[in-house]
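A short write-up of the structure that comes next.
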Amino acid sequence: MDFNKTLESWKEIEREFAKIMIDRYTDVEKVEFAPDKQFKDWDVKITVGWIERTYEVKRDYKSQETWNIALEIKCNWKPSGIFASKADFIIYCLNENEFYWQNRWELLYRIADIAKYKTIWWDGERAEMYIIAKELLPLLFNKL
C-alpha cells in the first residue's frame, strides 16, 4: 500500500471512530481532526459539553493475518506512537467495527513490563513495535 492510500485509510478509520462517538454520545458538540497528519499530538478531538478529549487512533492492518497487534514505540530511533502522543486516549481498531480504548497513561502503565512483549523492527528498521497476542487485547484496552 503506498503512503497516500495508507494515509487515506487512516483518515477513514478516524472518521469511523468519530461517527461511533457521535452516535453513542448525543451531546457531542464538536469533532476536530488533525490536519493532514501534520499535528502529531493527537488525531481526533471531541468536545462534549465543556469537556475536550483527544484521541490517538491506531490500526493494525496485519492483525487479522498474524493474530497479533503491533504497538509502535519508536520511529527513526525516537519515541513515537503511544510514547510520543499527547492524546488523552488511545483508540485501537482491529477492523471497521471493532474498536478498543484506553486512557494513554493507563496503557503506558499496563505495558510497562516490556520483558513480556516481543519487540520487532519494521519499515527498514525505522520503526520499533511491541508485538502482543490479540488475546491480551482485553487486558490492555476496553472494548468500545
Side-chain angles (χ1 to χ4, degrees), residues 1-64 66 68-132 134 136-144:
M1 192 180 290
D2 74 29
F3 179 76
N4 288 331
K5 286 183 182 177
T6 302
L7 183 60
E8 188 53 42
S9 65
W10 286 331
K11 288 180 181 181
E12 183 59 37
I13 293 303
E14 292 166 7
R15 287 189 295 264
E16 187 61 33
F17 164 70
K19 181 181 177 301
I20 289 169
M21 295 299 282
I22 290 167
D23 290 347
R24 184 167 290 186
Y25 301 102
T26 56
D27 52 351
V28 169
E29 292 178 13
K30 187 176 180 183
V31 175
E32 297 174 62
F33 297 95
D36 297 323
K37 301 301 263 182
Q38 298 302 311
F39 191 70
K40 307 291 186 198
D41 292 343
W42 48 264
D43 295 323
V44 180
K45 182 190 292 185
I46 297 177
T47 304
V48 176
W50 53 271
I51 299 171
E52 288 183 349
R53 294 223 165 93
T54 55
Y55 302 87
E56 182 81 23
V57 182
K58 299 293 182 191
R59 170 80 192 259
D60 182 347
Y61 290 95
K62 294 283 189 178
S63 67
Q64 302 304 326
T66 65
N68 296 309
I69 62 170
L71 292 176
E72 183 179 302
I73 57 175
K74 288 183 187 172
C75 188
N76 295 323
W77 301 275
K78 295 178 185 174
S80 67
I82 60 174
F83 286 96
S85 175
K86 293 182 179 143
D88 299 313
F89 295 91
I90 304 295
I91 305 301
Y92 196 90
C93 176
L94 281 182
N95 59 53
E96 287 75 19
N97 57 9
E98 191 173 2
F99 286 84
Y100 293 82
W101 68 273
Q102 187 54 267
N103 174 288
R104 185 174 61 89
W105 290 108
E106 178 68 21
L107 181 59
L108 290 171
Y109 173 78
R110 289 181 182 195
I111 64 171
D113 188 0
I114 298 169
K116 289 182 180 178
Y117 305 109
K118 178 182 176 185
T119 303
I120 66 164
W121 287 89
W122 191 255
D123 194 17
E125 305 226 351
R126 290 182 48 238
E128 184 178 7
M129 301 180 192
Y130 289 144
I131 302 300
I132 302 167
K134 278 188 356 184
L136 297 177
L137 196 65
L139 299 175
L140 298 173
F141 290 88
N142 304 293
K143 190 160 180 142
L144 185 63

Practice task
Could you tell me which non-hydrogen atom of Ser63 sits nearest to which non-hydrogen atom of Ile69, and how far apart they are?
Solution key: CB-CG2, 4.4 Å
Exercise for the section: Could you walk me through whether Thr66 and Ile131 pass the side-chain contact (heavy atoms from CB on, under 4.5 Å) test, one step at a time? Expected result: CA-CA 10 Å; Thr66 65; Ile131 302 300; over 6 Å; no
Exercise for the section: Check side chain to side chain donor-acceptor pair (under 3.5 Å) between Glu98 and all other residues, then give those that pass, not counting sequence neighbours. Expected result: Asn95, Tyr100
Problem - Residues that Phe141 engages under ring-ring contact (aromatic ring centres under 6.0 Å, His included), provided they are two or more places apart - result: Tyr92
Problem - side chain to side chain donor-acceptor pair (under 3.5 Å) involving Thr54 - partner list, sequence neighbours excluded - result: Asp88
Problem - Residues forming a salt bridge (Lys or Arg N to Asp or Glu O under 4.0 Å) with Glu106, sequence neighbours excluded - result: Arg110
Practice task
Quick one: do Leu71 and Ile90 satisfy side-chain contact (heavy atoms from CB on, under 4.5 Å)? Show the steps, please.
Solution key: CA-CA 11 Å; Leu71 292 176; Ile90 304 295; 5.7 Å; no
Handout entry: Whether Trp101 and Phe89 hold their rings parallel, tilted or perpendicular, with breakpoints at 30° and 60°
Key = perpendicular
Handout entry: Partner residues of Lys58 under the side chain to side chain donor-acceptor pair (under 3.5 Å) criterion, sequence neighbours left out
Key = Glu56
Practice task
State, to 0.1 Å, how close Glu14 and Val44 come at their nearest heavy-atom pair, and which atoms those are.
Solution key: CB-CG2, 3.9 Å
Completion exercise
CG of Leu137 to CG of Leu94, rounded to nearest 0.5 Å, is 5.5 Å
Practice task
Could you tell me which residues satisfy side chain to side chain contact (heavy atoms under 4.5 Å, CB included) with Ser80, sequence neighbours excluded, listed by chain and number?
Solution key: Glu72, Cys75
Handout entry: Residue list, salt bridge (Lys or Arg N to Asp or Glu O under 4.0 Å) with Arg59, at least two apart or on another chain
Key = Glu96
Problem - Glu16: partners by salt bridge (Lys or Arg N to Asp or Glu O under 4.0 Å), with sequence neighbours left out - result: none
Completion exercise
Val28 meets the side chain to side chain contact (heavy atoms under 4.5 Å, CB included) criterion, sequence neighbours left out, with Ile22, Tyr25, Val31, Ile46, Val48
Fill in the blank from the handout: Sorted by chain and residue number, the side chain to side chain donor-acceptor pair (under 3.5 Å) partners of Asp23 (sequence neighbours excluded) come out as Lys19
